[in-house]
Amino acid sequence: MNSNISTPPANSFASASDTREQKPQVRELAPGVYGYISDFDPNCGFIVGDDHVVLIDTRPTPRMARDFLADIRQVTDKPVKFIVLTHYHAVRVLGASAFSDAQAIIASQGTLDWVHERGQADFESEVGRFPRLFAGVEEIPGLTVPTITFEREMSLWVGKRELRLQCLGRGHSGGDTVVWLPDCRVLFSGDVVENRCGVYAGDAYIGDWANTLDAVRALAPEVLVPGRGAVLRGAAACAEAIDLTQDFLATLLASVKAGIDSQQGLRECFERAQTAMQPRFGDWPVFQHVLPFDVSRAYDELRGTVHPVVWTADRDRELWAILRGEKASATA
């Protein structure tokens with residue numbers, strides 16, 4: 001095994017050293033359709049109708065969501081009536097309480113199930129993983145719970161514009177929703193698609209994800225807001241981002257499978273995956289953060305664990321210790 005492979009830092013997660021503040025920018029994608037885009041923090045969006053606004057994801061805390069609302073107010077003074085969650089991770093949803101005019105929070109049934117199963121554990125875990133992204137964490141009143149759910153598809157109408165909420169299959173989570181605007185061919189993908197940023201698969205159904213991405217590709221978007229990274233404009237750029245997300249996941253699965261086939265444990269599979277993926281994906285933002293969690297999930301899934309194991313703050317620290325060789329893996 002390559003002796004030059006770096007292991008996670010001895011005292012923190014890879015993301016704990018990420019202290020550079022990112023100021024999201026409002027980007028107009030089509031008339032009345034906007035992305036709220038960071039360099040590589042989670043992206044959000046909003047759609048302005050005749051008398052109200054529909055929000056897509058909310059930012060991690062009420063304090064950070066108030067900044068989002070202030071930027072929306074530079075575009076429109078109409079109230080935010082609906083909040084759509086593309087999926088549930090704390091960094092995307094826990095700012096919801098800042099939008100006091102919202103009448104409903106809409107998500108898939110899979111996302112609601114996810115909240116009940118692991119929402120609190122996810123909150124505690126992500127605060128530890130991403131300290132920079134939880135400014136004002138003390139203001140969070142509790143978990144963000146959807147008030148309207150759907151199974152596979154529903155439509156919201158903003159004037160004559162349809163917002164088609166679709167669950168195209170499991171992938172980044174068990175409840176992923178994309179928001180598709182057929183009239184202008186704009187797609188908000190959530191973290192199903194990333195644009196040259198590390199693809200987080202710690203809570204994923206990695207084997208299913210490729211088929212879900214095929215379904216995204218079949219929509220043929222011409223503008224795509226990825227979970228992280230710059231907006232994709234043009235059909236070719238959108239297709240390339242989908243392809244690259246698939247390639248990242250395929251390389252992850254192939255390298256971990258090779259390790260398992262060689263009867264290697266989790267730490268050795270991590271080293272093998274890093275060797276395979278670093279040349280192509282290593283310069284992508286958050287790659288070093290997501291890879292340990294991705295390998296852990298791939299290792300579990302390939303060995304028969306169908307549903308992702310709930311991440312807790314303690315489990316995060318245990319994984320970090322295993323990958324530093326501080327103790328042997330219980331599953332190795």
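Along the sequence shown, residues carry numbers from 1. Computed from a predicted structure; not experimentally measured.
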Mutual orientation of the aromatic rings belonging to Phe248 and Phe287 [parallel < 30°, tilted 30-60°, perpendicular > 60°]: perpendicular
Minimum heavy-atom distance Thr177-Cys167, with the two atoms named: OG1-SG, 3.7 Å
Lys NZ or Arg CZ of Arg315 over Trp311 ring: under 6.0 Å, within 45°: yes
Over all atoms of both residues, closest heavy-atom pair of Pro279 and Ala276: CD-O, 3.8 Å
Partners passing ring-ring contact (aromatic ring centres under 6.0 Å, His included) against Phe188 (at least two apart in sequence or in another chain): none
Pairs meeting criterion ring-ring contact (aromatic ring centres under 6.0 Å, His included) with involvement of residues 209-238, two or more places apart: His172-Trp209
Listed partners of Asp191 passing salt bridge (Lys or Arg N to Asp or Glu O under 4.0 Å), at least two apart: Arg92
Donor-acceptor contact below 3.5 Å, side chain Asp101 vs main chain Val80: no
side-chain hydrogen bond (donor to acceptor under 3.5 Å, both in side chains) evaluation trace for Thr245 with Glu194: CA-CA 6 Å; Thr245 302; Glu194 308 290 12; over 6 Å; no
Distance-minimising heavy-atom pair for Gly142 and Leu94: O-CD2, 3.8 Å
Residue list, side-chain hydrogen bond (donor to acceptor under 3.5 Å, both in side chains) with Arg170, at least two apart or on another chain: Asp208
Shortest non-hydrogen separation from Thr76 to Val48 and the atoms involved: CG2-CG2, 3.8 Å
Donor-acceptor contact below 3.5 Å, side chain Ser262 vs main chain Ala258: yes
Under the side-chain hydrogen bond (donor to acceptor under 3.5 Å, both in side chains) test, residues paired with Arg233 that sit two or more places apart: none
Ala135: partners by side-chain contact (heavy atoms from CB on, under 4.5 Å), with sequence neighbours left out: Arg63, Met64
Set of residues satisfying side-chain contact (heavy atoms from CB on, under 4.5 Å) with respect to Val127, sequence neighbours excluded: Phe123, Phe134, Val137
Glu28 atom CD: more than 12 heavy-atom contacts under 6.0 Å: yes
Beyond-backbone contact of Arg152 with Gln166, side-chain heavy atoms, under 4.5 angstrom: no
Flag side-chain contact, heavy atom, 4.5 Å: Arg59 against Pro42: no
Distance (rounded to the nearest 0.5 Å) between Leu29 CG and Glu222 CD: 13.0 Å
Any donor-acceptor N/O pair, Ser108 side chain to Gly175 backbone, under 3.5 Å: yes
Residues in salt bridge (Lys or Arg N to Asp or Glu O under 4.0 Å) contact with Lys23, at least two apart in sequence or another chain: Asp71
Beyond-backbone contact of Pro182 with Arg164, side-chain heavy atoms, under 4.5 angstrom: yes
Distance in Å, Leu219 CG paired with Ile242 CD1, rounded so as to fall on 0.5 Å steps: 8.0 Å
Distance in Å, Thr312 OG1 paired with Gln120 CD, rounded so as to fall on 0.5 Å steps: 12.0 Å
Hphob cluster co-occupancy, Leu224 + Val231, side-chain heavy atoms under 4.5 angstrom: no
Residues Asp314, Arg317; criterion salt bridge (Lys or Arg N to Asp or Glu O under 4.0 Å); working and verdict: CA-CA 5 Å; Asp314 286 344; Arg317 288 189 288 269; 2.4 Å; yes
Residue Asp283 excluded, over 12 heavy atoms near CG under 6.0 Å: yes
Under-4.0 Å salt bridge between Arg280 and Asp247: yes
Short side-chain donor-acceptor distance under 3.5 Å, Arg272 and Gln264: yes
Test of ring centre spacing under 6.0 Å for Tyr36 and Phe68: yes
Close side-chain approach of Lys81 and Val53, heavy atoms under 4.5 Å: no
Side-chain donor or acceptor of Ser255 paired with backbone N/O of Thr251 under 3.5 Å: yes
Donor-acceptor under 3.5 Å (Thr275 side chain, Glu271 main chain): yes
Lys257 atom NZ, neighbour heavy-atom count above 12 within 6.0 Å: no
Over all atoms of both residues, closest heavy-atom pair of Asp50 and Gly159: OD2-CA, 4.2 Å
Atom pair OG1/CZ of Thr144 and Phe99 - distance to nearest 0.5 Å: 10.5 Å
Side chain Arg297, main chain Ala204, donor-acceptor under 3.5 Å: yes
Ring geometry between Phe281 and Trp284 (parallel below 30°, tilted from 30 to 60°, perpendicular above 60°): perpendicular
Residues in side-chain contact (heavy atoms from CB on, under 4.5 Å) contact with Ser38, at least two apart in sequence or another chain: Gln22, Pro24, Asp41, Asn43
Validation row: Val84, Val179 side chains within 4.5 angstrom (heavy atoms): yes
Same apolar cluster (I L V M F W Y, side chains within < 4.5 Å links), Val33/Val54: yes
CZ on Arg185 to SG on Cys238, rounded to 0.5 Å: 10.0 Å
Pairwise side-chain contact, Arg228 with Pro285, heavy-atom cut-off 4.5 Å (strictly under): no
Salt bridge (charged side-chain N to carboxylate O under 4.0 Å, His left out): pairs with one or both residues in residues 111-128, sequence neighbours excluded: Arg118-Asp203
N/O donor-acceptor pair under 3.5 Å between Thr111 side chain and His87 backbone: no
Side chain to side chain, Ile106 and Leu85, heavy atoms closer than 4.5 Å: no
Results of side-chain hydrogen bond (donor to acceptor under 3.5 Å, both in side chains) for Thr149 - residues two or more places apart only: Gln109
Side-chain donor-acceptor pair present, His307, Tyr205, cut-off under 3.5 Å: yes
Taking every non-hydrogen atom, the tightest pair across Thr147 and Ala104: OG1-CA, 3.4 Å
Between Gln288 and Gln278, a side-chain donor and acceptor under 3.5 Å: yes
Side-chain touch Pro62/Glu139, heavy atoms, less than 4.5 angstrom: yes
Test side-chain hydrogen bond (donor to acceptor under 3.5 Å, both in side chains) applied to Asp214 - qualifying residues, sequence neighbours left out: Arg217, Gln246
Flag, side chain of Ser155 to backbone of Glu162, donor-acceptor distance under 3.5 Å: no
Spatial distance of atom CG (Asp176) from atom OG1 (Thr86) [nearest 0.5 Å]: 7.5 Å
